[in-house]
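Structure record follows, encoded as structure tokens.
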Amino acid sequence: MGMIKISGKIAQLGWFCGSSITTTVTGSTFIPACKTTVELKNTRFLFPRTQVLYRCCRAMSKTNGTLSSPSLVAVRENISLTDKERQIFDRLLQVLRHFNLETQLRVAGGWVRDKLLGKECYDIDIALDNMLGREFCEKVNDYLKFAGEETQGVGVIQSNPDQSKHLETARMRLFDVWIDFVNLRSEDYTENSRIPTMEFGSAEQDAYRRDLTINSLFYNINTCSVEDFTGRGLDDLKSGKIVTPLPPKETFLDDPLRVLRAIRFCARFEFEMVEELKVAAADNDVKSAIADKISRERIGHEIDLMVSGNQPVKAIACTSNLGLFWIIFTLPPNFEPPISEELDRICVSYMDGAWRLMHAIGCCTFSDEQRRLYLYAALFLPLRKTVYGDDKKRIVSSVNYIFKNSLKLKGSDADNVIRLHNAVEKFSSLIPFMVSNEGMQPAEVDWKSDMIDVPVSLKLRILLGLLLRDVKDFWRAALMLSILLNKGSSVESVVDNVGLFKKVEEEILKLSLEKVWEVKPLVNGRDIMKVLEVKNGGPVVSEWQQKVIEWQLAYPSGNVQECIDWMMRLKHPTT
């Protein structure tokens, strides 16, 4: 029982900022064997951390009881400032000294986490304990005037609860870096609202109201030290765990967006989501709160960060595993045909296959935007034929609904993904002719039955050219998706899929079509009107513009006169 007393005394004195101490008592005739866990909730050191105390801690960690999990993640002991950061922080301290302010300046959240992980971060948010951000920015400018330096403009972003902006934030540039200033705060949520009552709070209250323990750390500029007021932030960072400062269900019901943030950070850092958090995220009350209390803009922003991140498949797979997929990617009413119960997992498997194929091929030429839309197109590939009737009684792709209504992303995102899906179908019809060893040529293809009359040997170049002119720089993405659709996305098929991609790519390059969308028409609309002897444009001219493009694709070395001669023969065929 002595060990239990020691553990309890340590917790009572508040020496440690730990999460718990677990001690084991060996059983006897009268006392059964048991384990006792002592929660360490006091977040301040009431006594100095002496070497004796440190050795005591180390000795206990080597017994059956442990203070924390073994370190799995490389976390720095101290934060190393860049020259620019040192300049900024020194200037802020000069302001404090000049005005005899007792304000504590703390860098909050992601900057602290990333610096401890050895990553550079340029997003500096400073929390103030006794004044508003704009008030402090005014002090900074007063100091700059005193020092004979140029003052800086201050931007104030007003609170906007409807957009989840609960506090006023002030922004100003210091040494060419934008800095955000905000006061520490506490939050109190009502049962039926996602908008909390905000008040000035202590650093400890501010830490506990944050989404995750790894995001609750502060760097105190005044003392040059890292502060862990939840008592878990550093340990969870070192052990690679995603944990909420308060009980997860309570945290998620207060602001359900925290579920998606937990998933995003879990994927981004490849950390482990603790079981209690998983259970809370999959809870029906939390699911209802995600659907009812969060704006679709906020959901779309988080999903976009996941898809654009370093582990998009892991993030989206997590939403599926937690039963959140269709809550996030809501489908329109009255869609058809019906979908299978496993469709969410099928969607994730296509995204996974697309991710692996992209890396196996080494598509380093993809821009961030191309990569992002390629992954969205892969995720929604199984939904490409799912449609619904809109308010104007038009038949619309459900993918369009997901982008515009479920995620509130740009309309151009929906257009580009649907264009990719259409290109996938077209590529699928052409690939057999492109890789055939028997020199097969497509006489007619379903999606282009009104092609100009040219020798069969030239039709493949026309069809490919039209496809690439439509999809432009996304043609490699469309090709990869088409291969996945036809050959499967399993791990075993990656090598075969890479080989097929290379064959088709080589054929496109051999036909000199890789930048075909940049080719200008030899004959413009005005010249077409002269040849046709018509005074007004319209559908007829548009139809002939398409024919001119097809002729150029069939005869890439043809000139303007040859094209006009062909048009004349087509207009006045000899009898």
Side-chain angles (χ1 to χ4, degrees), residues 160 162-165 194 211 252 255-268 281 286-335 339 343-348 350-352 354-355 367-388 390-391 394 396-422 474 477 481:
N160 186 348
D162 289 335
Q163 295 298 320
S164 299
K165 184 75 178 69
R194 62 176 176 80
D211 53 0
F252 293 156
D255 184 356
L257 189 72
R258 290 168 174 167
V259 176
L260 302 188
R261 286 177 58 81
I263 292 170
R264 177 162 64 85
F265 284 114
C266 177
R268 175 182 171 186
V286 173
K287 289 180 181 179
S288 297
I290 293 173
D292 299 335
K293 291 178 67 175
I294 313 179
S295 71
R296 285 289 153 180
E297 288 85 356
R298 294 178 79 204
I299 291 176
H301 178 67
E302 282 297 323
I303 294 299
D304 219 33
L305 290 174
M306 291 181 197
V307 174
S308 301
N310 62 322
Q311 293 290 339
V313 178
K314 181 175 181 178
I316 301 302
C318 189
T319 67
S320 175
N321 294 336
L322 294 173
L324 303 174
F325 192 90
W326 298 119
I327 293 174
I328 294 166
F329 305 112
T330 54
L331 289 170
N334 303 319
F335 65 86
I339 61 174
L343 190 63
D344 58 331
R345 299 188 183 278
I346 295 172
C347 288
V348 173
Y350 271 106
M351 189 184 199
D352 181 39
W355 177 254
S367 67
D368 291 343
E369 184 69 355
Q370 287 172 332
R371 170 188 175 275
R372 168 180 166 271
L373 292 174
Y374 164 69
L375 292 174
Y376 271 125
L379 179 66
F380 300 136
L381 196 59
L383 288 166
R384 70 195 183 282
K385 294 183 179 179
T386 305
V387 297
Y388 74 105
D390 68 4
D391 294 338
R394 296 173 301 185
V396 183
S397 168
S398 291
V399 174
N400 185 75
Y401 182 93
I402 291 173
F403 274 101
K404 293 182 178 179
N405 297 82
S406 303
L407 303 178
K408 294 291 185 180
L409 295 177
K410 297 178 294 185
S412 60
D413 288 345
D415 295 340
N416 284 323
V417 168
I418 291 171
R419 187 177 293 113
L420 271 172
H421 286 171
N422 292 336
F474 285 94
L481 294 172

**OP:** Please examine the side chains of Leu383 and Leu331, heavy atoms only from C-beta on, and report whether any two atoms are closer than 4.5 Å.
**Re:** yes
Original post:
Residues in side chain to side chain contact (heavy atoms under 4.5 Å, CB included) with Ile346, at least two apart?
Top reply: Ser340, Leu343, Ser349, Tyr350, Pro382
Original post:
Would a distance-only check, ignoring hydrogens and angles, find a side-chain to backbone donor-acceptor pair under 3.5 Å from Thr386 to Ser398?
Top reply: no
Original post:
Can you tell me how far CD1 of Ile290 sits from CG of Asp255, rounded to the nearest 0.5 angstrom?
Top reply: 10.0 Å
Subject >> Gap between atom CZ of Arg371 and atom OH of Tyr376 - 0.5 Å precision >> reply: 11.0 Å
Show me the donor-acceptor pairs, under 3.5 Å and distance only, between side chains in residues 401-408 and residues at least two apart or in other chains.
{"from": "Lys404", "atom 1": "NZ", "to": "Asn400", "atom 2": "OD1", "distance (Å)": "3.3"}
{"from": "Ser406", "atom 1": "OG", "to": "Thr330", "atom 2": "N", "distance (Å)": "3.3"}
{"from": "Ser406", "atom 1": "OG", "to": "Thr330", "atom 2": "O", "distance (Å)": "2.6"}
{"from": "Ser406", "atom 1": "OG", "to": "Thr330", "atom 2": "OG1", "distance (Å)": "2.5"}

In residues 309-317, what donor-acceptor pairs under 3.5 Å come from side-chain atoms, sequence neighbours left out?
{"from": "Asn310", "atom 1": "ND2", "to": "Arg268", "atom 2": "O", "distance (Å)": "3.0"}

**OP:** Would you mind listing every ring-ring contact (aromatic ring centres under 6.0 Å, His included) that reaches into residues 303-325, with sequence neighbours excluded?
**Re:** Phe325-Phe329
**OP:** May I ask you to test the Lys287-Phe252 pair for a side-chain heavy-atom distance under 4.5 Å?
**Re:** no
**OP:** Mind listing the closest non-hydrogen atom pair of Ala378 and Met351 along with its distance?
**Re:** CB-CA, 4.0 Å
**OP:** Going by the salt bridge (charged side-chain N to carboxylate O under 4.0 Å, His left out) test, name the single residue among Arg261, Arg258, Arg264 that passes it with Asp211.
**Re:** Arg261
Original post:
Hey, what do you get for CG (Leu260) to CG (Leu324), rounding to the nearest 0.5 Å?
Top reply: 7.0 Å
**OP:** Measure the CD1-CD1 distance between Ile263 and Ile328 for me, rounded to the nearest 0.5 Å.
**Re:** 6.0 Å
Subject >> Ile327 CD1 to Asp292 CG distance, which is reported to the nearest 0.5 Å >> reply: 9.5 Å
Original post:
Listed by chain and number, what are the side chain to side chain donor-acceptor pair (under 3.5 Å) partners of Arg372, not counting sequence neighbours?
Top reply: Asp304, Glu369, Asp413
Original post:
Less than 4.5 Å apart, any side-chain heavy atom of Asn321 and any of Arg345?
Top reply: yes
Original post:
How long is the span from the CG atom in Leu379 to the CH2 atom in Trp355, to the nearest 0.5 Å?
Top reply: 13.5 Å
Original post:
Taking side chain as C-beta onward, heavy atoms only, is Phe474 less than 4.5 Å from Leu481?
Top reply: no
**OP:** Output all residues satisfying side chain to side chain donor-acceptor pair (under 3.5 Å) with Ser320, sequence neighbours left out; order by chain, then residue number.
**Re:** Asp344
**OP:** Give the intermediate values and the outcome of side chain to side chain donor-acceptor pair (under 3.5 Å) for residues Asn422 and Arg384.
**Re:** CA-CA 9 Å; Asn422 292 336; Arg384 70 195 183 282; over 6 Å; no
